[in-house]
Amino acid sequence: MDHIAKQTDAHQPLNRGYWRYLLILLIVFGSLVITLLQTPFAQDQHYHNFADSRSFLGVPNFGDVASNLGFLIAGLAGLKVCFKRRLGNLQSAWLVMFAGIALVGVASSYYHWTPNDHTLVWDRMSLTVGFMGLFVGLLGEYISERFRYLLIPAVLMGVSSVLYWKMFQDLRFYYWIQAIPLIVLPFIMLVFRPRYSHQWLVLAGAILYGLAKLAELGDKSVFSLTQGAISGHTIKHTLAAVGCWSILLALENRQSMDSRSSPPSL
């Protein structure tokens with residue numbers, strides 16, 4: 001009888017938790033349907049006209065080029081942490097994430113040196129690599145490590161969304177790929193039990209990225225308000241790089257919470 005009772009108790013949490021998986025599927029496929037219903041749109045060429053175009057030491061658009069150094073440093077430091085610490089079966093996802101971040105440091109500098117659609121391709125491809133690594137890593141650690149098998153398909157899907165934009169001048173899928181982690185991951189962190197401590201640092205990284213996107217939207221306004229001292233896009237790079245460091249610190253300092261009896265919190 002005790003054996004039957006234990007089996008029943010083991011299945012109850014799974015049954016009660018079905019709504020979480022269904023809601024995730026609804027978010028993913030629902031947002032994809034909404035994306036497909038939108039009219040295809042190309043890259044606005046005004047996007048390349050950033051507020052701070054000043055040159056320094058022979059480097060054009062120096063502020064936006066040099067501020068990418070933070071990504072390169074964070075990416076390389078993250079790779080070092082991944083090799084130094086045992087990150088379990090999802091180590092490959094974290095390696096891909098920080099490799100993508102390091103590539104952003106190079107590719108975004110290349111883009112801002114000569115801003116146009118051709119150089120932007122490399123910037124966006126490296127960004128999707130980092131995003132997909134983070135997405136698969138957190139899916140695996142919060143839900144099931146079997147998500148690690150989606151790493152290669154996820155990266156290929158992200159890169160393909162950029163190539164699709166370049167070939168067909170349609171940004172819908174690229175924006176969907178970028179939006180899905182930002183929508184799904186906070187929900188997952190809210191309703192699933194974390195396996196590791198220091199998840200507040202991951203959340204802080206997400207908040208910093210959100211602030212970075214706001215700074216990007218206010219590129220020219222920030223440049224004007226600071227009387228030309230710094231642009232919104234330069235601040236975007238800085239905030240996003242600090243967000244990457246926040247996730248790096250979470251991986252470096254975290255401890256397993258599986259052995260704790262009380263429910264963990266963020």
[Y] and [X] side chains, donor-acceptor separation under 3.5 Å:
X      : Y      : answer
Ser31  : Trp176 : yes
Asp117 : His48  : yes
Thr234 : Ser231 : yes
Tyr174 : Gln43  : no
Asn68  : Ser108 : yes

If we only count heavy atoms from C-beta on, is the [X] to [Y] side-chain gap below 4.5 Å?
X      : Y      : result
Phe187 : Leu23  : yes
Trp245 : Ile73  : yes
Ile230 : Asp52  : no
Met125 : Leu163 : yes
Tyr164 : Leu171 : no
Met132 : Met157 : no
Tyr111 : Val104 : no
Pro60  : Thr114 : no

What heavy-atom pair brings [X] and [Y] nearest, and what distance separates the two atoms?
X      : Y      : result
Gln199 : Leu138 : OE1-CD2, 4.4 Å
Ser109 : Gly105 : OG-O, 2.8 Å
Ala241 : Phe71  : N-CE2, 3.6 Å
Cys244 : Ile101 : SG-CD1, 3.5 Å
Asp219 : Ala51  : OD2-N, 2.9 Å
Ala102 : Leu76  : CB-N, 4.3 Å

With Leu95 as reference, evaluate Leu90, Leu151, Leu87, Leu79 under the side chain to side chain contact (heavy atoms under 4.5 Å, CB included) test and give the passing residue.
Leu79

State which residue, out of Thr35, Thr39, Leu37, fulfils the side chain to side chain contact (heavy atoms under 4.5 Å, CB included) condition with Arg172.
Thr35

According to a 4.5 Å side-chain heavy-atom criterion applied to Ile, Leu, Val, Met, Phe, Trp and Tyr, with indirect links allowed, do [X] and [Y] form part of one hydrophobic cluster?
X      : Y      : result
Tyr47  : Trp113 : no
Phe83  : Phe98  : yes
Leu127 : Ile183 : yes
Leu22  : Val33  : no
Ile235 : Leu225 : no

Quick one: [atom1] on [X] to [atom2] on [Y], what's the gap to the nearest 0.5 Å?
X      : Y      : atom1 : atom2 : value
Phe135 : Leu182 : CZ    : CG    : 10.0 Å
Trp200 : Leu203 : CH2   : CG    : 10.0 Å
Lys213 : Leu211 : NZ    : CG    : 12.5 Å
Tyr196 : Leu251 : OH    : CG    : 9.5 Å
Leu217 : His233 : CG    : NE2   : 10.5 Å
Leu103 : Leu72  : CG    : CG    : 9.0 Å

Sidechain N-carboxylate O distance under 4.0 Å for Glu252, Lys80:
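Looking at Lys80 together with Glu252, the answer is no, because their closest N to O distance does not fall below 4.0 Å.
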
Does Arg148 come within less than 4.0 Å of Glu141, counting only side-chain N to carboxylate O?
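Answer for the salt bridge query: no.
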
Taking the side chain from [X] and the backbone from [Y], do they hold a donor-acceptor pair closer than 3.5 Å?
X      : Y      : answer
Asn116 : Thr119 : yes
Ser126 : Asp123 : yes
Arg124 : Ser161 : no
His198 : Gln255 : no
Ser67  : Gly63  : yes
Ser224 : Lys220 : no

Could you go step by step and tell me if Trp94 and Cys82 meet the side chain to side chain contact (heavy atoms under 4.5 Å, CB included) rule?
CA-CA 7 Å; Trp94 296 116; Cys82 289; 3.7 Å; yes

From CA spacing to verdict: side chain to side chain contact (heavy atoms under 4.5 Å, CB included), Val106, Trp122:
CA-CA 9 Å; Val106 177; Trp122 301 103; over 6 Å; no

Exceeds 12 heavy-atom contacts within 6.0 angstrom, atom OH of Tyr110:
no

Heavy-atom count around Gln227 CD within 6.0 Å, excluding the residue itself: above 12?
no

Taking it one step at a time, do Phe192 and Ile143 satisfy side chain to side chain contact (heavy atoms under 4.5 Å, CB included)?
CA-CA 7 Å; Phe192 286 90; Ile143 302 177; 4.0 Å; yes

Cation-pi check, Arg193 to Tyr142: give yes when NZ or CZ is under 6.0 Å from the six-membered ring centre and within 45° of the ring axis, no otherwise.
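Relative to the ring axis of Tyr142, which defines the angle, Arg193 lies outside at least one limit.
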
In terms of relative ring orientation, are Phe41 and Tyr175 parallel, tilted or perpendicular, with 30° and 60° separating the classes?
parallel

Full working for side chain to side chain contact (heavy atoms under 4.5 Å, CB included) between Phe173 and Asp170:
CA-CA 8 Å; Phe173 297 105; Asp170 184 1; 4.3 Å; yes

